[in-house]
Amino acid sequence: MNGKGILIIDFGGQYDQLIARRVRECGVYSEIIDYDRAELARIMELAPEGLIFTGGPRSVYEAGAPSVDPGVFDLGIPVLGICYGAQLMAYLLGGSIEHAPLSEYGRTSVSVEEDSELLRDADRLNTCWMSHTDYISSAPEGFRITARSGSCPVAAMEDTGRRLYAVQFHPEVSHTDHGSEFIGRFVSGICGCARDWKMDSFAEEQIEKIREKVGDGRVLLALSGGVDSSVAAALLSRAIGSRLSCVFVDHGLMRKGEADEIEAVFGKDGPYDLDFRRVDASERFFSQLTGVSEPEAKRRIIGEQFIRVFEEEAELLGKPEFLAQGTIYPDVIESGRGKSAVIKSHHNVGGLPERMRFRAIIEPLSTLFKDEVRQLGRELGLPESLVSRQPFPGPGLGVRIVGAVTPEKAGIVREADAIFREEIKKAGLDGSISQYYAALTNTKTVGVKGDFRTYEYAVALRAVITSDFMTAAAADIPWEVLQRVMTRIVNEVGNVNRVFYDITSKPPGTVEIQ
Ligand code: XMP
């Protein structure tokens with residue numbers, strides 16, 4: 001840390017990375033360290049400008065509960081304790097902690113003292129996010145109570161002389177009014193951190209870490225062409241150049257122009273000095289998928305073939321020692337946390353690490369959120385079309401063709417999808433819709449074109465608004481845009497005579513139509 005930034009001591013809370021993110025948003029460097037590695041000597045060596053204690057699931061008075069050396073409060077470094085971190089601060093300094101008769105979860109009103117150094121300028125009655133069962137029943141000597149809630153007599157406290165601050169609520173979550181401001185006030189106003197950290201600093205730090213870990217070894221990256229693996233490729237390429245091999249498996253189920261675009265960026269004519277291998281495996285995928293209609297069976301076949309192709313390529317490359325993945329923080333949360341490497345369940349390379357015995361896995365984006373990954377991609381010079389790409393499932397168009405997959409159907413859905421995407425973009429709606437695409441239903445119906453009867457496919461358009469893809473609502477696309485898309489699809493794409501717009505929410509529908 002070289003005496004700069006905020007050290008976040010992790011007691012196992014749910015929102016630790018969100019705290020780090022909020023600090024980064026202030027333009028200040030932060031590092032997270034497990035509480036059991038945060039010995040006093042280590043903290044002094046790192047010499048942060050401020051410390052934040054995170055939340056955590058335990059009770060401070062339980063045997064073996066996570067703790068720190070109380071000497072930390074005498075180092076003269078400002079400390080902000082959040083939730084469990086607040087209780088720990090109170091407990092270690094002589095305050096008392098009790099099991100609350102009533103837990104507080106979710107939105108809670110707190111009344112704030114006007115002259116609080118940390119919370120000043122907040123509304124007197126502030127809405128914040130609580131998630132706790134224990135609470136501070138009396139503040140330690142020297143502390144002033146600066147906020148209270150209905151069932152929490154010490155919702156915030158501070159000892160400005162010693163620069164110690166504690167909040168029972170979570171300022172890092174967006175539901176807490178002024179939460180980011182409180183964190184900003186702590187890091188800049190109280191700790192005096194300069195707001196000069198940028199995403200390019202993150203890139204530099206990661207590049208150093210990658211070089212240290214890989215030494216003169218070689219790294220294999222499965223490049224799907226999605227935002228995360230593309231940003232990981234750009235970062236790794238900066239770190240180790242041609243000792244990175246990127247294997248891009250074209251399964252014949254990519255969107256229109258996508259495979260060529262990926263090759264243009266990462267291939268020999270692109271700006272990166274890396275060993276890029278595009279494997280055209282479409283025939284193999286289509287032949288394995290022949291006659292298979294059941295969606296899970298299709299996914300299994302695509303996943304298995306993917307691994308086969310990848311294994312063959314790794315063999316040709318002489319089995320590199322390291323596997324890199326574009327895992328991002330939400331994937332880590334979804335897969336459950338742990339000290340071992342976590343492999344994202346949705347990921348194309350699922351199953352590979354176990355089968356191929358890599359020496360280690362490298363996941364340079366595992367602390368970032370999606371929008372931060374996009375920001376990093378821009379810093380690294382990736383084209384906007386790649387960086388702002390919407391999510392695309394690993395099995396590709398294979399999960400957007402209802403029923404059996406054939407090259408002909410893939411061609412139809414690819415063209416229809418390109419038209420839909422083009423028109424949404426032209427209408428200026430691409431920034432406000434979370435995911436949109438065309439799918440091919442397994443339905444053929446009678447229609448009329450010119451003076452002829454037709455018996456052709458129906459295309460379904462899907463566009464959803466969602467923040468986390470767990471629930472979603474159909475987007476309210478203007479009628480004239482839908483009309484334009486329909487006219488172009490039935491005129492320009494062969495073998496289609498109907499276009500449906502799917503208005504189903506999730507649940508009960510899913511985002512993908514398969
Ligand atoms: P569903 O259809 O489950 O989709 O509502 C939610 C989000 O996940 C994406 N998705 C996948 N991504 N491999 C992936 O990498 C998959 O097998 C897969 N299935 C769904 C989907 O595009 C949406 O963003």
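Note that the numbering runs from 1 along the sequence shown for the chain. When a ligand or atom number is given, it counts from 1 through the structure's own listing order.
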Would you kindly check if the NZ (Lys) or CZ (Arg) of R498 is within the cone defined by 45 degrees around the ring axis of Y457 and under 6.0 Å from the six-membered ring centre?
no
Could you tell me, atom by atom, which parts of ligand 1 come under 4.0 Å of a heavy atom of K506?
1 (P), 3 (O), 5 (O), 6 (C)
Proximal candidate to atom 24 (O) of ligand 1 [heavy atom criterion; set R400, Q390, Q435]:
Q435
Within 45° cone and under 6.0 Å: R21 NZ/CZ vs F369 ring
yes
One finds that the ligand 1 atoms under 4.0 Å from a non-hydrogen atom of P395 are 13 (N), 16 (C), 17 (O)
Testing E304, E312, E311 one by one against R308 for a side-chain hydrogen bond (donor to acceptor under 3.5 Å, both in side chains), which residue passes?
E304
Option set G394, G303, P391, criterion heavy-atom distance to atom 15 (O) of ligand 1, minimum:
G394
Ligand-residue contact atoms, ligand 1 with T510, heavy atoms, under 4.0 Å
1 (P), 2 (O), 5 (O)
At under 4.0 Å between heavy atoms, which part of Q514 makes contact with ligand 1: side chain, backbone, both or neither?
neither
For N491, look at atom CG and say whether over 12 heavy atoms of other residues, nucleotides or ligands are found less than 6.0 Å away.
yes
Give me the ring orientation class for F11 and Y84: parallel if the planes are under 30° apart, tilted from 30 to 60°, perpendicular past 60°.
tilted
Any atoms of ligand 1 less than 4.0 Å from a non-hydrogen atom of R299? List them with their elements.
16 (C), 17 (O), 18 (C), 19 (N)
Going by distance alone, is a donor N or O of one side chain under 3.5 Å from an acceptor N or O of the other, for E261 and S385?
yes
